[in-house]
Q: 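Could you have a look at this structure, given as structure tokens, before my questions?
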Amino acid sequence: FGFKKEMMEKGLVPDVFTYGTLVNGLCKGRRTKEAKELVGEMAQWGLSPGVVVYTALVDGFTREGKMEEVFETMREMEASGVQPNKLTYDNVIRGLSKMGRMEKACDLLKWMIKMGHMLDATSYTSLIEGHFKVGNKEQALHWFGEMKNNGVSPDVYTYSVMINGLCHCGGFKQAEHLLEEMFAEGLKPNEFVYSPLIAGHCRDGNVLLACETLDNMTKRDVFPDLHCYNSLINGLSKLGKMEEATKYLAQLQNRGHSPNEFTYGSLIHGYSKAGDMEKAELFFQEMLSRGIKPN
RNA sequence: CAUGAGCAU
């Protein structure tokens with residue numbers, strides 16, 4: 001934004017791309033209020049926002065869950081004769097799904113198909129995630145099947161959402177099955193796929209399987225990131241297996257990660273629950289000394 | 001110049 005000022009001082013005129021970049025930056029930083037004002041300002045330069053700028057704005061509002069603003073933006077687009085495209089609608093689907101308005105989200109997706117939009121995994125994945133969010137495993141599975149029927153191949157994002165969703169409703173068996181399916185499809189599972197499995201097995205009380213999962217990913221050349229370790233340490237802490245938990249704490253540090261507030265939160269709760277307040281206090285102090293804020 | 005995924009209380 002300093003550059004924008006500088007540009008104007010040098011008499012350079014911002015173009016649609018300048019605004020596009022700025023609007024996008026603001027939207028990513030949860031500053032849609034300012035983004036909207038910026039869009040309003042474009043007219044002063046004789047510029048009118050196109051699909052890209054509007055879509056960035058829609059994206060920003062969906063991130064913040066402001067569906068009313070989304071619809072208002074859509075109306076504004078229509079009023080100024082700008083045609084929304086697939087990306088715009090994808091964002092609306094994601095917004096509706098995030099808000100749990102699944103009937104609307106499904107209707108929109110069906111409508112997109114009818115209108116001949118080429119849907120991809122992104123469109124379906126948002127919808128599937130929404131169904132899991134409202135606890136509707138059946139619909140999630142239904143749309144997972146539907147995307148395949150329509151010739152759209154699930155990608156790593158889709159599988160991570162499916163596996164995460166299934167692990168949250170006790171579908172560990174199906175989750176493991178999908179992991180196999182990924183290999184069969186030639187997809188390489190990443191941290192986003194393994195982490196929910198680890199967390200899920202822990203929640204299930206099956207820490208052994210969780211540890212095995214972490215070891216397996218290492219064997220498959222996927223390096224467990226902090227999320228994976230946190231999931232495991234959290235599971236172990238809840239079961240009071242603090243020796244194991246600290247073992248993985250050491251491993252994570254050996255592999256170049258630094259514990260964060262989640263890691264410490266799990267350890268502190270684990271030790272407190274086990275009645276070892278000294279250790280809990282020790283980790284709390286360590287956390288503070290590393291400049292991590294308690295929450 | 002613009003879209004999707006995982007961690008504690």
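The sequence lines fix the lettering, A, B, ..., with proteins before strands; numbering per chain opens at 1.
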Q: Specify the closest pair of heavy atoms between A/A210 and A/L232, including all atoms of both residues, with the distance to one decimal.
A: CB-CD1, 3.6 Å
Q: Return no unless some side-chain N or O of A/R203 is found under 4.0 Å from OP1 or OP2 of B/C7.
A: no
Q: Quick check: any donor-acceptor pair below 3.5 Å linking the side-chain of A/N91 to the base of B/A2?
A: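 Answer is no: no donor-acceptor pair is held.
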Q: Counting heavy atoms from C-beta on, name the nucleotide in B/G6, B/G4, B/C1 closest to the side chain of A/T21.
A: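 Selected nucleotide (nearest to the side chain): B/C1.
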Q: May I have the distance from A/N24 (atom CG) to B/C1 (atom C1'), rounded to whole angstrom?
A: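 Interatomic distance, CG of A/N24 to C1' of B/C1: 7 Å.
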Q: Closest approach to the side chain of A/Y157, judged atom by atom: which nucleotide of B/G4, B/A8, B/G6 is it?
A: B/G4
Q: Across the strands shown, which category fits A/V16 at heavy-atom distances under 4.0 angstrom: base, sugar-phosphate, nothing?
A: base
Q: Confirm from the modelled atom types if A/S160 and B/A5 form a donor-acceptor pair under 3.5 Å, side chain to base only.
A: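 Yes, the side chain and the base share a sub-3.5 Å donor-acceptor pair.
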Q: The side chain of A/V53 is closest to which nucleotide in this list: B/C7, B/A8, B/C1?
A: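 It is B/C1.
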Q: By the 4.0 Å heavy-atom rule, please label A/H269 as base, sugar-phosphate, or nothing.
A: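 It contacts sugar-phosphate atoms only.
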Q: For a 4.5 angstrom cut-off between non-hydrogen side-chain atoms, does A/Y264 reach A/R290?
A: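 When only atoms from C-beta onward are counted, A/R290 and A/Y264 do touch, with a gap below 4.5 Å.
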Q: Can you tell me if A/K104 has over 12 outside heavy atoms packed within less than 6.0 Å of its NZ?
A: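 Counting other residues, nucleotides and ligands, NZ of A/K104 stays at 12 neighbours or fewer.
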Q: In whole angstrom, give the distance that lies between atom NZ of A/K238 and atom P of B/U9.
A: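 Distance check: A/K238 NZ to B/U9 P gives 4 Å.
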Q: Could you grab the distance from atom CD of A/E78 to atom CE of A/M74, nearest 0.5 Å is fine?
A: 8.5 Å
Q: Nearest to the side chain of A/N230 - B/C1, B/U9, B/C7?
A: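 Between B/C1, B/U9, B/C7, the one nearest the side chain of A/N230 would be B/C7.
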Q: Can a donor-acceptor pair under 3.5 Å be found between the side-chain atoms of A/D225 and the base atoms of B/G6?
A: yes
Q: What is the distance, rounded to the nearest whole Å, between atom CG of A/L178 and atom P of B/G6?
A: 17 Å
Q: Is there a side-chain contact between A/L166 and A/F132 in this structure, where contact means two heavy atoms from C-beta onward sitting under 4.5 Å apart?
A: yes
Q: Can you confirm whether or not the ring centre of A/Y89 sits under 6.0 Å from the ring centre of A/H117?
A: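 Yes - the distance between ring centres of A/Y89 and A/H117 falls below the 6.0 Å cut-off.
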Q: Within this structure, what is the CZ-to-C1' distance between A/F132 and B/G6, rounded to whole angstrom?
A: 14 Å
Q: Could you give the CG-to-C1' distance, from A/L197 to B/A5, as a whole number of Å?
A: 13 Å
Q: Select one nucleotide: of B/G6, B/A2, B/C7, the one nearest the side-chain heavy atoms of A/V52.
A: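 So the side chain of A/V52 is nearest to B/A2.
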Q: Starting from P on B/A8, measure out to CZ on A/F284 and report it in whole angstrom.
A: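 Taking atom P of B/A8 as the reference, CZ of A/F284 is at 20 Å.
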Q: Let me know the distance between OH of A/Y264 and C1' of B/C7, rounded to the nearest Å.
A: 16 Å
Q: Given B/C7, B/C1, B/A2, identify the nucleotide with an atom nearest to the side chain of A/F17.
A: B/C1
Q: Output the rounded distance in Å from NZ (A/K133) to C1' (B/G4).
A: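 About 10 Å, once rounded to whole Å.
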Q: How is A/D90 classified with respect to the nucleic acid when contacts are heavy atoms under 4.0 Å: base, sugar-phosphate, or nothing?
A: base
Q: Counting the atoms with a prime plus P, OP1 and OP2 as sugar-phosphate, which does A/E129 contact under 4.0 Å by heavy atoms, base, sugar-phosphate, or nothing?
A: sugar-phosphate
Q: Any donor-acceptor pair, under 3.5 Å, between the side chain of A/T125 and the base of B/G4, if you only look at N and O atoms?
A: yes
Q: Can any side-chain N or O of A/R203 pair as donor or acceptor with the backbone N or O of A/C167 at less than 3.5 Å?
A: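 It does hold such a pair.
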Q: With a centroid cutoff of 5.5 Å and a plane-angle limit of 30°, would you call A/F262 stacked on B/A8?
A: no
Q: Given B/G4, B/A8, B/A5, which nucleotide is nearest the side-chain atoms of A/T122?
A: B/G4
Q: Quick one: label A/N190 by what it contacts on the DNA or RNA (base, sugar-phosphate, nothing), any heavy atom closer than 4.0 Å.
A: base
Q: With a cut-off of less than 4.0 Å, is there a side-chain N or O of A/K273 near OP1 or OP2 of B/U9?
A: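 So the side-chain polar atoms of A/K273 never come under 4.0 Å of the phosphate oxygens OP1 or OP2 of B/U9.
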Q: So what does A/C228 hit on the nucleic acid, given a heavy-atom distance under 4.0 Å: a base, only sugar-phosphate, or nothing?
A: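 Contact class for A/C228: base.
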Q: Taking atom types as they are modelled, is there a donor-acceptor pair under 3.5 Å from the base of B/G4 to the side chain of A/D155?
A: yes
Q: Which part of the nucleic acid, if any, lies within contact of A/T158, taking any heavy atom under 4.0 Å across all strands shown: a base, the sugar-phosphate backbone alone, or nothing?
A: base
